[in-house]
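These notes concern the structure reproduced below.
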Amino acid sequence: MSRGPELIITEKDNAARRIADILSGESATAERQNDVNVYKWGGKRCIGLSGHVVGVDFPAEYNDWRDVEPVELIDAPVTKEPTQEGIVAALRKLARNASRVVIATDYDREGELIGKEAYELVREVNEDAPIDRVRFSSITDNEVQEAFANPDELDFDLAAAGEARQVIDLTWGAALTRFLSLSARQLGDDFISVGRVQGPTLKLIVDREREIKAFDPEAYWELYGNLTKSGGDPFEARYFYLNDEGNEAERVWDGDVAEILTEALNAAEEAVVDDVRRRTRTDEPPTPFNTTAFIRAAGSLGYSAQRAMSLAEDLYTAGYVTYPRTDNTVYPEDLDPRELIEELSAASTFGSDAKGLLDADREIEPTEGDKETTDHPPIHPTGELPSASDLSEDEWEVYELIVRRFLATCAEPATWERLRVVALANGEASAIAERADGLAALRDPDEAAGPGDLAADGGLRLKANGKRLLEAGYHDVYPYRSSDERIVPDVEVGETLALDDRRTEAKETQPPRRYGQSRLIEEMEKRGVGTKATRHRTLEKLYDRNYIESDPPRPTRLAEAVVEAAEEFADHVVSEEMTAQLERDMQAIAAGEKDYDEVTAASRELLDRVFEDLTESREAVGDHLQKSLKADKTLGPCPECGADLLVRKSRQGSYFVGCDGYPDCEYTLPLPSTGKPLLLDETCEDHDLRHVKMLAGRKTFVHGCPQCKADAADEQEDEVIGVCPECGEGAASPRDGGGETADAGGELAIKRLRSGSRLVGCTRYPDCDYSLPLPRRGELEITDETCEEHDLPHLRVHSGDEPWELGCPICNYREFTARQEGSELQSVDGIGEKTAEKLQDAGVDGVTDLKDADPDELAADVDGVGPDTVRDWQANAD
DNA sequence: GCAAGGTC
């Protein structure tokens, strides 16, 4: 029996460190082994994995897509190989002489599987050491001590449930993905994928798009007026009637009726209050953040799901917030909210709001959501306070959101007072309404829900709903939810109010809206599709695969074709039922009612049947996919040969427009060099080509019709504004290594390129490629002012409301690069805006310069910075 | 190169 150390294995480094701290009383020390932290104290070692360190795949002989029929993958063997070599090697080394092993991975199904993977790796090198499993629902002193005092065994059934999922996902995903890709001859980077999670997610988006396309708008009218109590402010009131079912309705569906009602409303100058109703409503504080709720809240601050998660992960790694991937919406018992609020109250920004919660003399009882899980707590601040300069602007905004959400969950409800006033306008209206009533009945005798009761005896009904915040409650600490009031004054029944600003608005019913990213993630969660850690990544994947574009995402033709093909032949893979079925099977395996073999065999049989139909229709499916792929790239007719103009990618990776008739027709048009082209539905009237938008993150812009852009550039003469500093008269030196000499007579001119971009460049291009960038938009004015240093005119740009001064194009470019270098420096941990400026003053232009600098020399040049700080930056810059 | 699930 080996007397070596005891080995504890966790799911991630962070958990390893905290568990080591707890069990060692903070005496553990960290050591690096194969780039992995190993925590060490007494006779113990603790190592953190990185989730799964082995992955399932097919044996190498199945790798060639062309050689292997996709159908063969269904019954192909599935192997498990290390994917994280360094961690696996470190684990083996530690396990070899361990006297005992404790698996302390997350307390959920995937954690059990990761634990089993570790178990198998340990057993490969150590057959004897006992292997225990500990489970705890949060990493705190009590829970961890308790769990380690009462070790359990690994649950192999639960792990087998996870393995069944892995194999089913792999066989369905790989076989169908290869089939679709091969049938459409898409074998490069642009293969056509499907899977258990991306399938139903894509169908959700495509189905909504179908609803939108099928939508038939209907016209209706709404009537409004402003009411005023004498001496008060006007408030808006809206006309309503009672429909056939006796319910209040605001939309008038008949134009003639709307006209008669408008006439009646316009004839009225006052309205008499008929009814006043007042009630108070409590507005409960929000529940704790799980991943989905967090993504949604960050979404309303303008962050994409992917960006929000990436920021939260940074904050987690830095120790400021808890683990961001969680389904849990109930704080664990060991969280003492009062203590955490006290810690937060030391912060400058939200500290006083936190204090406010403590001052109120009451028990603090945080809200609870519906879901309670055992792996991680809801996302909340740790109490470790960053200073604003430790974080980027975005990180800070997200951090503050998480802090304020926590504070809000500990705050009191808000109370609102609702006031509803109904007033009657134009006592004559009932007679008029009778006319309208008859008219509507005449027009639409079959309509089940007719116009009903258009006016009361006293006149047309107008209603106003006011709300006033009586107790702000949680709104004081959580400004992300609207606490706007709508003021309706106190009025009494019988009181006469002035009526003016009467108006009738013609409207149309709107198609359902596209799902936004956070809404999609909510829908996925609701349907049980994907997990807290993968839902946002699935959306990212759909973008990558050219299935969706823009935000809110809309499906491409390819996506529609993939969903159509799947619906016809493999409905299971685009239906949420596949996940539901799998979930039931996994539960049965975990409960010992079914086994792994039984479940995976049944799934393979189902996939076999799918392939029977699919193989017969291979050509038709491929054809349809190819047509859709082409439609996504088609702009319109080629002006030279009439074939389709398509977006193409050059060998260098840049996009351009080329003719489908190539090589017979060589017609091309350039596209801007920044971003990825997106074809809009809007077409150019002159050239019948779809407009192009260039997607480039924040720099996204609409390029428009590429033919128009090219024509405009051809028509525009270059405008000379000075002498080329590189090859013009009096230029200082020959060009570097070019062999050409200066003073070749080059001049600088404002040019417009066929790709739509604008620049100041040398007239000797391409012999001299000196150039300076100019903004894409706005009219350029050449002013009388001259730059003394460069002898060039100052430029002014007219775009938007206010013209702005670009100044000398050389000076402008110099400032621009300085800013770029500054922001590059700021990307290094520990360097803020001010420090970046100081470094630039000391001649450090960007991160490369910083890394090359001698720490002592640089420290001497920069105030208040020592050589060690410089070394820290250099380390951080790697 | 395929999936989905961990983690960074």
Side-chain angles (χ1 to χ4, degrees), chain A residues 10-16 35-37 48-58 60 62-74 76 78 80 83-84 86-87 105-106 108-118 159 161-182 186-202 291 309-318 323-326 375-376 524 528-542 544-545 570 573-574 578-579 582-583 586 603 607:
Chain A
T10 68
E11 190 156 321
K12 46 191 163 276
D13 174 61
N14 211 294
D35 245 16
V36 188
N37 288 329
L49 308 176
S50 183
H52 293 287
V53 294
V54 296
V56 290
D57 206 346
F58 299 111
Y62 290 85
N63 281 355
D64 194 318
W65 291 31
R66 264 172 283 240
D67 266 8
V68 180
E69 281 294 323
V71 68
E72 291 179 51
L73 294 178
I74 301 176
V78 173
K80 239 189 222 188
T83 50
Q84 305 269 0
I87 298 174
T105 46
D106 288 356
D108 58 17
R109 184 169 54 221
E110 215 61 24
E112 209 66 23
L113 177 52
I114 291 165
K116 190 198 166 195
E117 288 158 6
E163 288 177 309
R165 178 201 58 71
Q166 286 184 317
V167 167
I168 290 169
D169 281 342
L170 177 65
T171 44
W172 280 76
L176 288 169
T177 295
R178 286 197 195 180
F179 180 91
L180 293 180
S181 304
L182 282 162
Q186 289 283 301
L187 292 185
D189 295 336
D190 292 329
F191 61 86
I192 298 173
S193 68
V194 278
R196 174 178 56 86
V197 173
Q198 47 175 298
T201 307
L202 194 57
T291 302
M309 281 312 284
S310 146
L311 289 166
E313 278 154 18
D314 289 346
L315 292 168
Y316 160 70
T317 327
Y323 194 67
R325 294 184 278 267
T326 177
D375 48 353
H376 298 287
M524 291 170 78
V529 169
T531 71
K532 64 213 173 182
T534 60
R535 288 182 199 115
H536 62 279
R537 284 197 328 215
T538 301
L539 292 190
E540 208 54 25
K541 190 176 270 182
L542 297 181
D544 280 354
R545 300 282 152 84
V573 85
V574 286
M578 179 165 180
T579 294
L582 184 60
E583 194 59 44
M586 284 196 289
S603 176
L607 186 54

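Side-chain atoms are counted along with the backbone in the values below, which use heavy atoms only and exclude waters and symmetry mates. From a predicted model like this one, the values you see are computed outputs, not experimental measurements. Residue numbers begin at 1 in each chain, while the letters A, B, ... track the order of the sequences.
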Quick check on B:dA3: is either OP1 or OP2 less than 4.0 Å from any side-chain nitrogen or oxygen of A:S193?
yes
Using whole Å, what does the distance between atom P of nucleotide B:dG6 and atom CE of A:M309 come to?
11 Å
Using the closest heavy atom to pick a nucleotide of DNA chain B for each, name whichever of A:V197 or A:Q186 lands nearer the 5' end.
A:Q186
Would you tell me if any nitrogen or oxygen in the side chain of A:T531 comes within less than 4.0 Å of OP1 or OP2 on B:dG6?
yes
Please pick, from B:dC2, B:dG5, B:dA3, the nucleotide with the shortest atom-to-atom distance to any side-chain atom of A:R165.
B:dG5
Nucleotide B:dA4, atom P - distance to CG of A:L539 in whole Å
12 Å
Can you measure A:Q166 atom CD to B:dG5 atom C1' for me and round it to whole angstrom units?
7 Å
A:V56 and A:K80: CA distance, side-chain angles, deciding distance, side-chain contact (heavy atoms from CB on, under 4.5 Å) verdict:
CA-CA 5 Å; A:V56 290; A:K80 239 189 222 188; 4.1 Å; yes
Distance below 4.0 Å between A:R196 side-chain N/O and B:dG5 OP1 or OP2
yes
Min side-chain heavy-atom separation A:Y323-A:D375 under 4.5 Å:
no
Can you check side-chain contact (heavy atoms from CB on, under 4.5 Å) on A:R165 and A:E110, steps first, answer last?
CA-CA 10 Å; A:R165 178 201 58 71; A:E110 215 61 24; 2.9 Å; yes
Here the distance between atom P of B:dG5 and atom NE2 of A:H376, to the nearest Å, is 15 Å
Report yes or no: is there a donor-acceptor pair, N or O only, under 3.5 Å between the side chain of A:D57 and the base of B:dC2?
yes
Would you indicate which nucleotide in B:dG5, B:dC8, B:dA3 comes nearest to any side-chain atom of A:Y316?
B:dC8
Nearest listed nucleotide, side chain of A:A533, among B:dC8, B:dG6, B:dA4:
B:dG6
From B:dC2, B:dG5, B:dA4, nucleotide with atom closest to A:E110 side chain
B:dG5
Looking at every strand, decide which applies to A:V56 at a 4.0 Å heavy-atom threshold: base, sugar-phosphate, or nothing.
base
Which residue lies more 5' along DNA chain B, comparing A:D64 with A:S50 via nearest heavy atoms
A:D64
Grab the CG-P distance between A:N14 and B:dG6 for me, whole Å please.
17 Å
Give a yes/no on whether any side-chain N or O of A:K532 is located under 4.0 angstrom from OP1 or OP2 of B:dG5.
no
What is the nucleic acid contact for A:G530, judged by heavy atoms within less than 4.0 Å: base, sugar-phosphate only, or nothing?
sugar-phosphate
Does the distance from a Lys or Arg side-chain N to an Asp or Glu carboxylate O, for A:D106 and A:R325, drop under 4.0 Å?
no
Can a donor-acceptor pair under 3.5 Å be found between the side-chain atoms of A:T317 and the base atoms of B:dC8?
no
Where the side chain of A:L73 is defined as all heavy atoms beyond and including C-beta, which of B:dG6, B:dG5, B:dC2 is the nearest nucleotide?
B:dC2
A:Q198 vs B:dA4: side-chain N/O to OP1/OP2 distance below 4.0 Å
yes
Find the distance A:D544:CG to B:dC2:P and express it as a whole number of Å.
10 Å
For residues 187-194 of chain A, run the donor-acceptor check on the side chains, cut-off 3.5 Å, and write out each pair with its distance to 0.1 Å, sequence neighbours left out.
from: A:S193; atom 1: OG; to: A:Q198; atom 2: OE1; distance (Å): 2.8
from: A:S193; atom 1: OG; to: A:R545; atom 2: NH1; distance (Å): 2.9

Interatomic distance, A:R109 CZ vs B:dA4 C1' [rounded to whole Å]
12 Å
Non-hydrogen side-chain atoms of A:I74 and A:T171 separated by less than 4.5 Å
no
Reckon A:Y62 touches a base, only the sugar-phosphate, or nothing at all at heavy-atom distances under 4.0 Å?
nothing
Which part of the nucleic acid does A:W65 contact within heavy-atom distance under 4.0 Å: base, sugar-phosphate only, or nothing?
base
Considering only B:dG6, B:dC8, B:dC2, which nucleotide approaches the side chain of A:I114 most closely?
B:dG6
Under 4.0 Å from OP1 or OP2 of B:dC2: is there any side-chain N or O of A:R545 that close?
yes
Run the side-chain contact (heavy atoms from CB on, under 4.5 Å) check on A:H52 and A:E117 step by step: do they pass?
CA-CA 8 Å; A:H52 293 287; A:E117 288 158 6; 3.0 Å; yes
Are OP1 or OP2 of B:dA4 and a side-chain N or O of A:T534 less than 4.0 angstrom apart?
no
Which part of the nucleic acid, if any, lies within contact of A:Q84, taking any heavy atom under 4.0 Å across all strands shown: a base, the sugar-phosphate backbone alone, or nothing?
base
Please report the distance, rounded to the nearest Å, between CG in A:N37 and P in B:dC8.
11 Å
